[in-house]
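Everything numeric in this text was worked out from a predicted model, so none of it was measured. Keep in mind that the numbers below use all heavy atoms, side chains included, and drop hydrogens, waters and symmetry copies.
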Amino acid sequence: MAGKEEERSAAEEKKAEIKWNEETQRFETEDKEAYLQYHLLQIAGGKTAMDMVHTFVPRSKRGMGLAAKLCDAAFDHARSRDLAVIPTCSYISDTYIPKNPAWNSLVYKDEPKSSM
């Protein structure tokens, strides 16, 4: 029995692997069912910011920590590319960042320039 549980856990972990899809501006699970959507914006000083606008996890996958894994991948990506983060998504601003205050240094505090 333990072998089957280990296999299932490994399969679930593989499903939880997060991929960056640059073309669609999303971080997503391999099956593309759970994702974090972002847009790139120009901000002060000629820098670029990731406006993280939406995080979605289907009901069937909730409670597995996927939203946090999506955010982890997106914030790691932003840090590695020297991007500021605009946490427009309420999950990110109200839940993820308060639980992960180390990421506060990436959060852009001023209003972004309108792209219109």
**Student:** Between atom CZ of R79 and atom CZ of R81, what is the distance when rounded to the nearest 0.5 Å?
**Tutor:** 11.5 Å
**Student:** Is it the case that the side chain of Q25 and the backbone of Q37 share a donor-acceptor pair, with hydrogens and angles ignored and the cut-off at 3.5 Å?
**Tutor:** no
**Student:** Should H39 and T88 be marked as a side chain to side chain contact (heavy atoms under 4.5 Å, CB included) after you check the CA-CA gap, both sets of side-chain angles, and the distance that decides it?
**Tutor:** CA-CA 10 Å; H39 302 295; T88 301; over 6 Å; no
**Student:** Consider side chain to side chain contact (heavy atoms under 4.5 Å, CB included). Of L83, L41, L106, which one does M50 pass it with?
**Tutor:** L83
**Student:** Would you mind writing out the side-chain donor-acceptor pairs for residues 94-101 within the sub-3.5 Å range, not counting sequence neighbours?
**Tutor:**
residue: Y96; atom: OH; partner: D72; partner atom: OD1; Å: 2.4
residue: Y96; atom: OH; partner: W103; partner atom: NE1; Å: 3.0
residue: N100; atom: ND2; partner: Y96; partner atom: O; Å: 2.8

**Student:** Starting at OG1 of T55, measure out to CG of L66 and round the result to the nearest 0.5 Å.
**Tutor:** 11.5 Å
**Student:** Would you sort out whether F75 and I92 count as a side chain to side chain contact (heavy atoms under 4.5 Å, CB included), showing the intermediate values?
**Tutor:** CA-CA 10 Å; F75 274 82; I92 297 170; 3.9 Å; yes
**Student:** Do the non-hydrogen side-chain atoms of K47 and D82 ever get within less than 4.5 Å of each other?
**Tutor:** yes
**Student:** Rounded at 0.5 Å granularity, tell me how far NE2 in H54 sits from OH in Y91.
**Tutor:** 13.0 Å
**Student:** Is there side-chain contact between K61 and D31, with heavy atoms separated by less than 4.5 Å?
**Tutor:** yes
**Student:** Any side-chain donor-acceptor pair under 3.5 Å between E17 and T29?
**Tutor:** no
**Student:** Please report the interatomic distance CG(N21) to OH(Y35), rounded to the nearest 0.5 Å.
**Tutor:** 12.5 Å
**Student:** Can you tell me how far NE2 of H77 sits from CE of M52, rounded to the nearest 0.5 angstrom?
**Tutor:** 8.5 Å
**Student:** Please evaluate residues D110 and I43 with respect to the criterion side chain to side chain contact (heavy atoms under 4.5 Å, CB included), reporting the C-alpha separation (whole Å), side-chain torsions for both, the decisive distance (0.1 Å), and the verdict.
**Tutor:** CA-CA 9 Å; D110 296 327; I43 56 174; over 6 Å; no
**Student:** Hydrophobic clusters here meaning ILVMFWY residues chained together by side-chain heavy-atom distances under 4.5 Å, can you tell me if V53 and F56 are in one?
**Tutor:** no
**Student:** Measure up the W20 and F27 rings against each other and bin them: parallel (under 30°), tilted (30 to 60°), perpendicular (over 60°).
**Tutor:** parallel
**Student:** Would you sort out whether R26 and K32 count as a side chain to side chain contact (heavy atoms under 4.5 Å, CB included), showing the intermediate values?
**Tutor:** CA-CA 9 Å; R26 288 177 17 158; K32 301 181 191 300; 4.2 Å; yes
**Student:** Report yes or no: do L40 and L70 belong to one cluster of Ile/Leu/Val/Met/Phe/Trp/Tyr joined by side chain heavy-atom distances under 4.5 Å?
**Tutor:** yes
